[in-house]
J.: 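Quick one: the structure is below, and I'll ask about it shortly.
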Amino acid sequence: MDVPGPLVVVPVQGRFSLSPITRRRLAIFRAHRRGFWSLWVFLLLFVLSLFAEFLANDRPLLVHFAGHWYVPVLHDYSEDEFGSGFMPIEADFSDPDLNRAIMARGWMIWPAIPFSFSSIVKDLPSPAPSPPSWRNLLGTDDQARDVLARVIYGFRISVLFGFTLTAISSVIGIAAGAVQGFYGGLTDLLFQRFIEIWAGMPQLFLLIILSSIIEPGFWVLLGFLLLFSWMSLTGLVRAEFLRGRNLDYVRAAKALGVTDISVMWRHILPNAMVATLTFLPFTLSSSVTILASLDFLGFGMPPGSPSLGELVSQGKDNLQAPWLGITAFVVLGGVLTLLIFIGEAVRDAFDPRRMVK
């Protein structure tokens, strides 16, 4: 059985070193080659998506004009700053006249993809949606927007939304299940009846009503889904605490006067996390894709927002443009595969029966 207690590091000769149980878990995780490399691939993609504005943007990264430096990717500039013949409006760097004026007295550095998620690609060789080309590696959608740029921005939003939803809902669900299982009796009974009633609420109908009252957004959708998603781990944690509260070392700790919170945190929760982590990858995967599902149904982010679900919808509506559906399938399928592989490695690392190979 795992050593109870959340210690991660121990002091050794004035410095901190990983505890034996932590070193063992890391060794098992590294030995799971599929999960280990999936973690690095996912982290690389996620870190790159965090800098989406520097990878895909319709504004230059850096402009040197008439001896002055400009950073359009970070700041807004007026067109008349680049010549007296322009209007005092926000600079549109896709304007050929403005580009020629800047290049005549300076230079510009563009991102690798000179389109943002909302940029309209002009001068397409065929009507939108246009097929992949060297200019648009994944083609354009039916509104002439670059698909690769929208995938980068949509991937970032989906992952951040899924991680935030999973983290907050897991904390709430684990806390609720721990209280139920540890105290039992009337507390457990009242909690169970509340969960049964709350889980029976029609979530989709409530979301439709909510979207008719206010415009859904990132935080609105996150708050709404948190009202229901916290119940996914409650039953499992409750069962683990019902079993763990009767173990001898837990009874001994309570007899010595250890507080209930300390008993739950230090003596029961570490062992309960092994079973919890078995289901956590599926919770995380569903949380990452739930925003795409809502966008596909039309109840997600506001229209025009970068979304993988909206790309799936376009693939369904434009069967003559197979690159849209294929791109959505590869991105969503790849993300889910990576997360499942990582979850398997984490589960094995926390399994006390797993031996280091």
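Quick note: residue numbers are just sequence positions, from 1.
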J.: Of all the heavy-atom pairs spanning L207 and F224, show the shortest one and how long it is.
T.: N-CZ, 3.6 Å
J.: Within a strict 4.5 Å, meaning less than it, do heavy atoms of the S94 and S119 side chains meet?
T.: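 Contact flag for S94/S119 side chains = no.
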J.: I'd like to know if D97 pairs up with R100 as an ion pair, taking the criterion as any Lys NZ or Arg NE/NH1/NH2 lying under 4.0 Å from an Asp or Glu carboxylate oxygen.
T.: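 A salt bridge links D97 with R100.
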J.: Restricting to non-hydrogen atoms, name the atom on A178 and the atom on F241 that form the minimum distance, rounded to 0.1 Å.
T.: CB-CZ, 3.6 Å
J.: Please round to the nearest 0.5 Å and tell me the distance separating atom CD of E81 and atom CD1 of I102.
T.: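 Between E81 CD and I102 CD1, I get 10.5 Å after rounding to 0.5 Å.
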J.: What I'd like to find out is whether the side chain of F296 reaches to under 4.5 Å of the side chain of V312, using heavy atoms alone.
T.: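 Yes, at least one pair of side-chain atoms sits under 4.5 Å.
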J.: Within a strict 4.5 Å, meaning less than it, do heavy atoms of the W110 and L61 side chains meet?
T.: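 Answer no - side chains too far apart.
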J.: Kindly determine whether Q180 and T234 satisfy side chain to side chain contact (heavy atoms under 4.5 Å, CB included), including the steps that lead there.
T.: CA-CA 9 Å; Q180 280 186 260; T234 302; 3.1 Å; yes
J.: So which pairs with a foot in residues 312-331 pass salt bridge (charged side-chain N to carboxylate O under 4.0 Å, His left out), sequence neighbours left out?
T.: none
J.: Given 3.5 Å as the limit, does a donor-acceptor pair link the side chain of S158 with the main chain of F155, or not?
T.: no
J.: Evaluate the salt bridge (charged side-chain N to carboxylate O under 4.0 Å, His left out) criterion for residues R245 and E240: first the C-alpha distance (whole Å), next the side-chain angles of each, then the deciding distance (0.1 Å), finally the verdict.
T.: CA-CA 9 Å; R245 69 174 183 168; E240 290 294 323; over 6 Å; no
J.: So do F182 and V263 actually touch side chain to side chain, heavy atoms under 4.5 Å?
T.: yes
J.: Is T187 reaching over with its side chain to a backbone N or O of Y183, donor-acceptor style, under 3.5 angstrom?
T.: no
J.: To the nearest 0.5 Å, how far apart are OH in Y153 and OG in S116?
T.: 4.0 Å
J.: Go through the steps to decide whether S169 and L226 satisfy the test side chain to side chain contact (heavy atoms under 4.5 Å, CB included), and finish with yes or no.
T.: CA-CA 6 Å; S169 62; L226 278 175; 3.9 Å; yes
J.: Which word best sums up how the rings of W198 and F194 line up, parallel for under 30°, tilted for 30 to 60°, or perpendicular for over 60°?
T.: parallel
J.: Looking at I214, I want to see if its CD1 is surrounded by more than 12 non-hydrogen atoms of other residues, nucleotides or ligands under 6.0 Å.
T.: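 Count over threshold, so yes.
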J.: Please say yes or no: joined through hydrophobic side-chain contacts below 4.5 Å, possibly via intermediate residues, are I152 and L336 part of one cluster?
T.: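 Different clusters.
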J.: With a 6.0 Å cut-off on the ring centroids, do Y70 and F82 count as close?
T.: yes
J.: Any non-hydrogen side-chain atom of F29 less than 4.5 Å from a side-chain atom of D348?
T.: no
J.: Cation-pi between R105 and F65: NZ/CZ under 6.0 Å from ring centre and within 45° of the ring axis?
T.: yes
J.: Take L291 and S307 through the side chain to side chain contact (heavy atoms under 4.5 Å, CB included) test and state the conclusion after the steps.
T.: CA-CA 8 Å; L291 184 62; S307 168; 5.8 Å; no
J.: Hey, what do you get for CD1 (I113) to CG (N57), rounding to the nearest 0.5 Å?
T.: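 Output value for this atom pair is 10.5 Å.
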J.: Could you check whether any side-chain N or O of N318 sits under 3.5 Å from a backbone N or O of Q314, counting only pairs where one atom can act as donor and the other as acceptor?
T.: yes
J.: Do S49 and V159 have side-chain heavy atoms sitting under 4.5 Å apart?
T.: no
J.: So, taking the atom named CG in L160 and the one named CG in L165, what distance separates them when rounded to the nearest 0.5 Å?
T.: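 Answer rounded to 0.5 Å: 12.5 Å.
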J.: Just checking N246: does its CG atom have more than 12 heavy atoms from other residues, nucleotides or ligands closer to it than 6.0 angstrom?
T.: yes
J.: Treating Ile, Leu, Val, Met, Phe, Trp and Tyr as nodes and any side-chain heavy-atom pair under 4.5 angstrom as an edge, say whether L48 and F42 lie in one connected cluster.
T.: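 No: no chain of side-chain contacts under 4.5 Å links L48 to F42.
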J.: State plainly whether one hydrophobic cluster holds both L45 and F117, where clusters connect Ile, Leu, Val, Met, Phe, Trp and Tyr through side-chain heavy atoms under 4.5 angstrom apart.
T.: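 No; F117 is not reachable from L45 via cluster members.
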J.: Can you hop from L227 to I197 via hydrophobic side chains spaced under 4.5 Å?
T.: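 In one cluster: no.
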J.: Step by step, would you call V121 with L124 a side chain to side chain contact (heavy atoms under 4.5 Å, CB included)?
T.: CA-CA 7 Å; V121 182; L124 290 174; 3.5 Å; yes
J.: Would you list the pairs meeting salt bridge (charged side-chain N to carboxylate O under 4.0 Å, His left out) in which at least one residue belongs to residues 292-312, sequence neighbours left out?
T.: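 Residue pairs with at least one partner in residues 292-312: R145-E310, R150-E310.
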J.: When you look at CZ of F329, are more than 12 heavy atoms from neighbouring residues, nucleotides or ligands closer to it than 6.0 Å?
T.: no
J.: Can you tell me how far apart CD1 (I342) and OG (S285) are? Round to the nearest 0.5 Å.
T.: 9.5 Å
J.: State whether the number of non-hydrogen atoms from other residues, nucleotides or ligands found under 6.0 Å of W69 atom CH2 is greater than 12.
T.: yes
J.: Go through the steps to decide whether T166 and T283 satisfy the test side-chain hydrogen bond (donor to acceptor under 3.5 Å, both in side chains), and finish with yes or no.
T.: CA-CA 7 Å; T166 300; T283 304; over 6 Å; no
J.: Side chains of V63 and Y77: closer than 4.5 Å at any heavy-atom pair?
T.: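 No, too far: nothing below the 4.5 Å cut-off.
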J.: Minimum heavy-atom separation for D92 and E79, please, with both atom names.
T.: N-OE2, 3.4 Å
J.: Which heavy-atom pair separates T140 from L324 by the least distance, and what is that distance?
T.: O-CD2, 3.9 Å
J.: Any donor and acceptor pair, going by atom type alone, linking the side chain of S313 with main-chain N or O of G309 inside 3.5 Å?
T.: no
J.: Counting only heavy atoms from other residues, nucleotides and ligands, does the tally under 6.0 Å from CH2 of W107 exceed 12?
T.: yes
J.: Using the side-chain contact (heavy atoms from CB on, under 4.5 Å) definition, which of the options I168, V220, I290 pairs with L225?
T.: I290
J.: Between S305 and M301, what is the shortest heavy-atom contact and its length?
T.: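 In terms of heavy atoms, the two residues are closest at CB-CB, 3.8 Å.
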J.: Is the side chain of D146 donor-acceptor paired with the backbone N or O of A149 at a distance under 3.5 Å, no angle test?
T.: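 Yes, the answer is positive, given that a donor and an acceptor are paired below the 3.5 Å cut-off.
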J.: If you compare all heavy atoms of V237 against all heavy atoms of G177, which two are closest, and at what distance to 0.1 Å?
T.: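 Reported closest heavy-atom pair: CG1-C, 3.9 Å.
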J.: To the nearest 0.5 Å, how far apart are CG in D260 and NZ in K254?
T.: 6.0 Å
J.: Before accepting this row, confirm whether a basic side-chain N of the pair E90/R59 lies closer than 4.0 Å to the acidic partner's carboxylate O.
T.: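 Looking at E90 and R59, the cut-off is met.
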J.: If we count only N and O atoms by modelled type, under 3.5 Å, do the side chains of T259 and S262 hold a donor and an acceptor together?
T.: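 T259 vs S262: donor-acceptor pair found between side chains.
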J.: With under 30° as parallel and over 60° as perpendicular, where do the rings of F46 and F163 fit, or are they tilted in between?
T.: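 Rings of F46 and F163: tilted, as their planes differ by 30° to 60°.
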J.: V288 and V330: same hydrophobic cluster, using ILVMFWY side-chain contacts below 4.5 Å?
T.: no
J.: Could you check whether any side-chain heavy atom of N99 comes within less than 4.5 Å of a side-chain heavy atom of M108, counting everything from C-beta outward?
T.: yes
